Protein chains: 2
Amino acid sequence: MSSSNPGSGSGAGEALIERAFALLGSFDSEHRALPLAGLTHRTGMPRSTVLRLARQLTAVGALERLDDGRFVIGLRLLEVASLAPRGHGLRAVAMPFMEDLFHVTGQHVLLAVRDNDEALLVERLSAHDAAPVRFRVGERVAMTTTGVGLVLLANAPVDVQERGLRAFVPVDTDDTLRTADDLRRGLAEIRRGDYAVARRTDPRAPRTTVAAPIRNGRDVVAALSVVVPSPEFDPAAYVPAVRATARAISRQLTTTDAFG
Amino acid sequence: MSSSNPGSGSGAGEALIERAFALLGSFDSEHRALPLAGLTHRTGMPRSTVLRLARQLTAVGALERLDDGRFVIGLRLLEVASLAPRGHGLRAVAMPFMEDLFHVTGQHVLLAVRDNDEALLVERLSAHDAAPVRFRVGERVAMTTTGVGLVLLANAPVDVQERGLRAFVPVDTDDTLRTADDLRRGLAEIRRGDYAVARRTDPRAPRTTVAAPIRNGRDVVAALSVVVPSPEFDPAAYVPAVRATARAISRQLTTTDAFG
DNA sequence: TCTTCCGTTCCACTCAGTGGCATCGACGGT
DNA sequence: ACCGTCGATGCCACTGAGTGGAACGGAAGA
């Protein structure tokens, strides 16, 4: 079946679980509340199917329904998701230390983990008067364009690194990483120094990120970073603080063990 | 649970979605990683069914599998859950203000919303040296035994309040709320003053909570609180700070509108 | 008023999901 | 080393849970 349809081919159904998560996945940060028609359009599934599915999801609390009939992601998912060891488990351990770092630097503090070939932002602390950051908690970000991403990529299995190098596309707001070879050298440098510095020369919001790895035993399980607007102090001044905090979290993590 | 299926005709299963969430729900804070057998036992479903379901959930990222074969909640759920307006949507707006309150008071800061007849903890800020708190982010807490719960209950629809009053069981670490009538008066008092103070005389960790409602327009959508160890200063000293912060969040919330 | 779009209900078909059974493998006790 | 136990996985005939096309009612808009 050629997928002339947006979404999935017609046919009699993918696995239900897959469909359910496709439905949940049709929400995004610009569409936190969707009417039935929106869900139908975004999933490419028949109306009746979407309605039935959405109702079942509502019944278990994965979705909630607003007064105007639109659907939104429900609290049940928050409840379940809070048990993810690599998500809130990690977060619970890291938060107090991130607080400290945030307090001392007054800059954005980010915590991210690797999920396959992408990084996923687990936590972000921001002052309301701080420079805006693009990234939302729960959002996926490319590994080659962020400080945390670079740290995670540098410490990822070789196959992930190779895919990352192969898929690398230079960003025009980054004048240090132009080629895949630059990236390769950069990753080696990050492994050697155990931290990363990424500069963005975006004229609207130039900023520099200092990132360091967080370990559970030997494995790098997350990355911590501070994002500072570039016309600020020398970013190098933040390196010790970020590294020290990352190591503190690592120690705590190794002793407590986030997994049951 | 009970051996095999209860005789009621449904030999072949509840709705699949229901089962999937029952499976996800069998994780809890003491069991963040479960082997197949654990899932089988906790759900009461047949082995093969659990395995198939768990695999499908793993395929979509709702679960992840550790090297030792155990299952854990996956990052995909965190990603989806972060779009819940009443969860991370609210959180995103409230966080900077909570940060401020946290820095000023140095005490636990809690953010909770009501979900039917319970309160659900959406965010918690804690210093590492602060007194331990029982409540985890994502956890459900009774409405009559916490500061945030009382605020939410006081501003809930009448039917919720009535169920709360009817189901009320006094806690022996609370010497101010002994009867349902105490509770009724307490709720009225909370509505009048627009804040709540709850004292716990637990000998091991006596503490006092100051809580205030957060509004989106007219509706109370959440509650904010500060938890202080009781041998501290007069809790009344925290009331203005908590109320002011709650109002600041309310204003921000009303102007930005957490829903898309 | 007429048209259009949306949410909803209904129903006969059928394939995805079911679960009992057999097999394989990993420990652990004697 | 041997055996016993338990947990994980593969297999497969059965069946009812899920499917989606069609039709209905109602609200918004022209």
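The sequence lines fix the lettering, A, B, ..., with proteins before strands; numbering per chain opens at 1. It should be emphasised that the depicted structure is a prediction, and the values quoted were computed from it without experimental measurement.
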When you get a sec, tell me which of [options] is the closest nucleotide to the side chain of [X]?
{"X": "T49(B)", "options": "dG17(C), dT9(D), dT18(C)", "result": "dT18(C)"}
{"X": "A37(A)", "options": "dG17(C), dG19(C), dG7(C)", "result": "dG7(C)"}
{"X": "L16(B)", "options": "dT8(C), dG19(C), dT18(C)", "result": "dT18(C)"}
{"X": "R65(B)", "options": "dG19(C), dA8(D), dT8(C)", "result": "dA8(D)"}
{"X": "S48(A)", "options": "dT19(D), dT8(C), dT9(C)", "result": "dT9(C)"}

Whether the side chain of [X] engages the backbone of [Y] through a donor-acceptor N/O pair (distance < 3.5 Å, no angle test) should be reported.
{"X": "D28(B)", "Y": "H31(B)", "result": "yes"}
{"X": "E162(B)", "Y": "D159(B)", "result": "no"}
{"X": "Q161(B)", "Y": "A156(B)", "result": "yes"}
{"X": "R65(A)", "Y": "F71(A)", "result": "no"}

Write down the distance between [atom1] ([X]) and [atom2] ([N]), rounded to a whole number of angstrom.
{"X": "R55(B)", "N": "dG7(D)", "atom1": "CZ", "atom2": "C1'", "answer": "13 Å"}
{"X": "L23(A)", "N": "dG18(D)", "atom1": "CG", "atom2": "P", "answer": "15 Å"}
{"X": "D68(A)", "N": "dA27(D)", "atom1": "CG", "atom2": "C1'", "answer": "14 Å"}
{"X": "L36(A)", "N": "dA27(D)", "atom1": "CG", "atom2": "P", "answer": "17 Å"}
{"X": "R70(B)", "N": "dG7(D)", "atom1": "CZ", "atom2": "P", "answer": "15 Å"}
{"X": "L66(A)", "N": "dG7(C)", "atom1": "CG", "atom2": "C1'", "answer": "15 Å"}
{"X": "R47(A)", "N": "dT4(C)", "atom1": "CZ", "atom2": "C1'", "answer": "12 Å"}
{"X": "L53(B)", "N": "dT9(D)", "atom1": "CG", "atom2": "P", "answer": "14 Å"}

Need to verify one output field. Residue with the more 5' nearest nucleotide on DNA chain C, G38(A) or Q56(B)?
G38(A)

Report yes or no: do R136(A) and H88(B) form a side-chain donor-acceptor pair below 3.5 Å?
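There is no such pair (donor and acceptor under 3.5 Å, judged by atom type) between the side chains of R136(A) and H88(B).
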
Please determine if a side-chain N or O atom of R19(B) lies less than 4.0 Å away from the OP1 or OP2 oxygen of dT18(C).
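Yes, because at least one side-chain N or O of R19(B) sits under 4.0 Å from OP1 or OP2 of dT18(C).
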
Residue-phosphate contact under 4.0 Å: R52(A) side-chain N/O, dG7(C) OP1/OP2:
no

